[in-house]
2 protein chains.
Amino acid sequence: MTTLEKDLETRLAEDHHQAIKLWLRLLTCTNLITGKIRSRLRENFATTLPRFDLLAQLERHPEGLRMGELSQRMMVTTGNVTGIADQLEAEGLVRRESDPKDRRSVVLRLTPKGREVFSAMAKVHEGWVIEFFEGLSPEEKDTLYALLGRLKQHLNGRRNP
Amino acid sequence: MTTLEKDLETRLAEDHHQAIKLWLRLLTCTNLITGKIRSRLRENFATTLPRFDLLAQLERHPEGLRMGELSQRMMVTTGNVTGIADQLEAEGLVRRESDPKDRRSVVLRLTPKGREVFSAMAKVHEGWVIEFFEGLSPEEKDTLYALLGRLKQHLNGRRNP
DNA sequence: TGTCATTATTTTAAGTCTAAATAAAAGCCG
DNA sequence: CGGCTTTTATTTAGACTTAAAATAATGACA
């Protein structure tokens, strides 16, 4: 084996190792943050991340969202959304409304109480997230945001399920 | 309100929004990748991500790992590791050994069969990860890796639980 | 030696998640 | 119109997850 071949092979192996290391670090960062948010939501508001997430989606869409739309935005199955919506409905934070145009559909909306409860949590939650990322300068955050954007685009590319 | 104050306030609000957007994008990328790995592991090897993760940790530590060490590395609770180890042990992929130095401890090791099964999966898995990140150039991967390193360091900083 | 705090693992209860099966409604098309 | 496929939500079974409690063994120390 020539020196050139060895170099190529080494570089390739390093690139492969690089992707794995990058993935593990990405996963670690996400796990660290979700872990912190999860425990703080529990301690401060006696709620959970998926519940918070569902309310956050509805907050952004006052016109309401169907179960399928919610599941896409939350990146979970519709069966999962059904269960979380059941809880929040029982707690009076969301309301199921039937879509007159399509009787299969259920439209979920925040109740006034849900809007009130969520907005109190959202303010605090935003502060946590700012805190988690304040180790990076605004420029670094921009760069990270852009790189993740390229990654996301690649991951969502066609023939890439 | 003066123009300067308004500009500062606007910039601050944008920074806040920036952190939230960054966090949501980070979470999306991680979810997209874990989702792909999860479904491919199921389709190709009829196994799950936590099972794969446990085997991967053991592969890197031929001397074996205690349940507590495993839970730290996998970023899950020890109770969780117990259940996954039970399954893998029943399938003959790992073996529980008692630590002669500390009878409270259980040391988990790969069996020869476990090593064999894992190494087949690991090769394919590595290819997937390389594929997921090949939308980024090696330089971009380096930058992303470094930025996530800074983020991780900040997240692990003291008085930041 | 006996007690007590600590450490390591397991167990338990409740919540979250997926995939697959079900049921109902809508849309398509001959 | 009538049958076929698709879409939408729910239900179900099983796996994963956490937090907290229960077990069990260790180590320190009066």
Side-chain angles (χ1 to χ4, degrees), chain A residues 27 30-32 34-55 57 64-91 94-108 161, chain B residues 27 30-32 34-55 64-91 94 96-108 161:
Chain A
L27 185 57
T30 302
N31 282 342
L32 284 171
T34 54
K36 285 171 196 280
I37 293 179
R38 207 190 309 279
S39 65
R40 292 185 187 187
L41 279 177
R42 188 175 47 80
E43 287 163 15
N44 291 277
F45 301 109
T47 193
T48 64
L49 192 45
R51 265 180 261 224
F52 179 84
D53 192 12
L54 195 154
L55 295 178
Q57 301 297 338
L65 287 171
R66 289 177 303 166
M67 305 301 269
E69 290 173 331
L70 266 170
S71 82
Q72 282 186 344
R73 292 175 195 279
M74 296 172 66
M75 302 182 83
V76 297
T77 61
T78 56
N80 199 347
V81 174
T82 296
I84 298 166
D86 286 348
Q87 297 179 9
L88 293 172
E89 193 178 28
E91 294 168 21
V94 306
R95 183 172 45 232
R96 274 184 171 90
E97 297 176 0
S98 56
D99 187 342
K101 300 186 200 68
D102 186 341
R103 277 181 299 170
R104 293 168 306 176
S105 292
V106 176
V107 174
L108 220 61
Chain B
L27 185 58
T30 302
N31 282 343
L32 284 171
T34 54
K36 284 170 197 281
I37 294 179
R38 207 191 311 279
S39 67
R40 290 186 189 188
L41 279 177
R42 188 175 48 82
E43 286 163 15
N44 291 278
F45 301 109
T47 192
T48 64
L49 193 44
R51 265 181 260 224
F52 179 84
D53 192 13
L54 195 154
L55 295 177
L65 287 171
R66 289 178 303 166
M67 304 301 270
E69 290 173 331
L70 265 171
S71 80
Q72 282 186 347
R73 291 176 195 280
M74 296 172 67
M75 302 184 84
V76 298
T77 62
T78 56
N80 200 345
V81 174
T82 296
I84 298 166
D86 286 348
Q87 297 179 10
L88 293 172
E89 193 179 26
E91 294 169 21
V94 306
R96 273 183 170 89
E97 297 178 359
S98 55
D99 186 341
K101 300 185 199 68
D102 187 340
R103 276 183 299 169
R104 293 170 304 179
S105 292
V106 176
V107 174
L108 219 62

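Note on naming: letters A, B, ... go to the chains in the order of the sequence lines (proteins, then strands), and numbering restarts at 1 for each one. As the structure is a computational prediction, the values presented were derived from the model and not from experiment. Hydrogens, waters and symmetry mates play no part in the numbers below; they use all other heavy atoms, side chains included.
- Here the range on DNA chain C touched by chain A, meaning any atom under 4.0 Å from one of its heavy atoms, is C:dG15 to C:dA26.
- For the pair B:Leu108 and B:Arg96, the minimum side-chain heavy-atom distance is below 4.5 Å.
- B:Thr30 places a side-chain heavy atom less than 4.5 Å from the side chain of A:Leu27.
- In plain terms, the two heavy atoms of A:Lys101 and A:Asp99 that are nearest each other are N-OD1, 2.9 Å.
- Across A:Leu54, A:Asp53, A:Val106, a single residue satisfies side chain to side chain contact (heavy atoms under 4.5 Å, CB included) together with A:Leu70, and that is A:Leu54.
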Expected string for nucleotides 9-21 of chain D under the B/S/- scheme (protein heavy atoms, under 4.0 Å, primed atoms plus P, OP1, OP2 as sugar-phosphate) is SBB---SSBBSS-
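- Put simply, OG on B:Ser71 and CZ on B:Arg66 are 10.0 Å apart, with the number rounded to the nearest 0.5 Å.
- B:Arg38 is linked by a side-chain contact (heavy atoms from CB on, under 4.5 Å) to B:Thr34, B:Leu49, counting only residues two or more places apart in sequence or in another chain.
- When every heavy atom of A:Met74 is checked against every heavy atom of A:Ile84, the shortest pair comes out as CE-CD1, 4.4 Å.
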